[in-house]
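Structure record follows, encoded as structure tokens.
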Amino acid sequence: MITVIDYGAGNLRSVENALHYLGAPYQVTSKADEVAQANALLLPGVGHFGQMMRSLAMLDLILPIKEALGRKVPYLGICLGMHALFEASEEAPALPGLGILSGTIRRFTPGLKVPHMGWNQLQLKKSSRLFRGLSGDPYVYFAHSFYLPQDKNSKSASRENAAALTSYGIDFVAAIERGNLQGVQFHPEKSGDIGLRVVRNFVDDCLRSAGERD
Amino acid sequence: MLAKRVIACLDVKDGRVVKGIQFLDLRDAGDPAELAAAYNREGVDEVIFLDITASAEKRALIVETVARTARQVFIPLAVGGGIRSVADARGILLSGADKVSVNTAAVENPVLITQLSEEFGSQAVVLAIDARRNGDSWSVYTYGGRKLTDRNAIEWAAEGESLGAGEILLTSMDCDGTQNGFDCALTKAISRAVMIPVIASGGAGNAEHFAQVLTEGEADAALAASIFHYGTVRVSDLKRHLRSQGITVRL
């Protein structure tokens, strides 16, 4: 069962639609105990980092998310849901993220049209579970103004964890994968068949991981 | 590289498509969800529902239409027409649309753009501008082009951006319906005045018109309605043509 966290994210319904379309077992909740006991977590998101972190705090969901992640349950963060894993975002410098991974989310530099909106290509960086069955440079849908930089420092988590990069002025991290943690900057729930495949890969992962625990 | 987008616009009235696709064999050519799915199969990058429902009591139908569409079509969906408040927008966005577009309501109450953007993020807010040439500038019209305002289109686009719009949907009233091509001069002027994406609309007649507005007109996306519905231009053929012209598109 995938627990989809409801904190008022604008794309919650679309994510649900994709899970429903794929026949995935899921529940939508904003209850702390259900999040803490989840076997798999999906954090949707689109909009504003500060608003997301405030909503998660108001619903008392920050500790339950960390608790579940402490048990290494599969996690997929979409757009802001990926940003949430990191320490901070320039979108709301006063509010820390979950800080599970090190790094700061940055704003696109002036000179580029922002939001980065539309279909752009993924450069798949390594064999990842998220992109299983996909090859080439597939197009996916983006709608964001802030991004995870590809840190040149090789010790940086964001570089080692990058599962895909995308080029928009610079090369930024379009997807991360580290152990149980997965995150995508794009919107798989709005990226046609390619996006549905990414969601299905996560669902399969969750089912497998649940099977191993049983 | 970020692809240039091809967008199909569907006029929806009382939950039904007006001027539906006529060249594909559809079970129900009046069903917005089925048409959106057909365009998705053709490779369109985005679908816009323009809600032209007139009666107030049937306005809620658009929310149900969006919900039904979003359950089966997994590409970006925008909705315009009749959105006058944050509450109107919320219903539409929470039912699965990605963006709302505002036009007359934004001109009459510009703070609406800021309210929408703060509530849902600028990526969800499209400022639709209907513009017509007036001497050596372009004027903004409201109420579906029936009312001339004292606003200059270029200035309004820039103001809309600073108020929080994430995208401009620019319709040239001079070109709309002519099928003689988009207004490249207008589109270029707006595109250079803002740092948010610009969707060109009005005047599409053939594939070359799209190529022109996406290069010369500096548009980020181009929208059409009737030529797609009647099959004059097939989206899949159009995209292949654009690629052959060196324009980056999703194929």
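Computation of the quantities below employed the complete heavy-atom set of this structure, encompassing side-chain atoms and omitting hydrogens, waters and symmetry-equivalent molecules. A, B, ... follow the sequence lines: proteins, then strands. Residue 1 opens every chain.
When the candidates L251(B), L93(B), D220(B), V73(B) are compared by the number of heavy-atom contacts under 4.5 Å with chain A, D220(B) comes out ahead. Interface check for chain A: of the options E161(B), E167(B), K4(B), E119(B), the most heavy-atom pairs under 4.5 Å are formed by E167(B). Between chain A and the residues S122(B), S95(B), A221(B), the most heavy-atom pairs under 4.5 angstrom are made by S95(B). Heavy-atom pairs under 4.5 Å with chain A were tallied for A67(B), G121(B), A3(B); the largest tally goes to A3(B). Contact count against chain B (heavy-atom pairs under 4.5 Å) is highest for A18(A) among G8(A), G10(A), A9(A), A18(A). Top candidate by heavy-atom pairs under 4.5 Å with chain B, chosen from K113(A), H116(A), R13(A), is K113(A). With chain B as partner, the option from H144(A), H48(A), M117(A) having the largest number of non-hydrogen pairs under 4.5 angstrom is M117(A).
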Checking Y141(A) against I75(B) for the side chain to side chain contact (heavy atoms under 4.5 Å, CB included) test, could you report, in this order, the C-alpha distance in whole Å, the side-chain angles of both residues, the deciding distance, and whether it holds? CA-CA 8 Å; Y141(A) 184 75; I75(B) 59 170; over 6 Å; no

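The contact between S191(B) and chain A is made by backbone and side chain atoms together, counting heavy-atom distances below 4.5 Å. With a 4.5 angstrom heavy-atom cutoff, E118(B) touches chain A only via backbone atoms. L112(A) touches chain B through its backbone: at least one of N, CA, C or O sits under 4.5 Å from a heavy atom, while the side chain does not. With a 4.5 Å cut-off on non-hydrogen atoms, E189(A) touches chain B through its backbone but not through its side chain. When heavy atoms are compared at a cutoff of 4.5 Å, H187(A) does not approach chain B at all. Using a 4.5 Å cut-off between heavy atoms, A70(B) touches chain A through backbone and side chain atoms alike. With a 4.5 Å cut-off on non-hydrogen atoms, V249(B) touches chain A through its backbone but not through its side chain. With a 4.5 Å cut-off on non-hydrogen atoms, R71(B) touches chain A through its backbone and its side chain both. Contact of K99(B) with chain A is made through the side chain alone, with heavy-atom distances under 4.5 Å.
Heavy atoms only, all atoms of each residue included: Y139(A) and T248(B) are closest at OH-CG2, 3.3 Å. Smallest separation of non-hydrogen atoms from I196(B) and P115(A): CG2-CD, 4.2 Å. The nearest pair of heavy atoms linking W119(A) to D45(B) is NE1-O, 2.9 Å. Minimum interatomic distance between G118(A) and L2(B) (heavy atoms only, all atoms of both residues): C-CD1, 3.8 Å.
Residue N40(B) holds its CG atom at 7.0 Å from CG of D193(A), rounded to the nearest 0.5 Å.
The local environment of CE in M195(B) is crowded, with over 12 non-hydrogen atoms from other residues, nucleotides or ligands closer than 6.0 Å.
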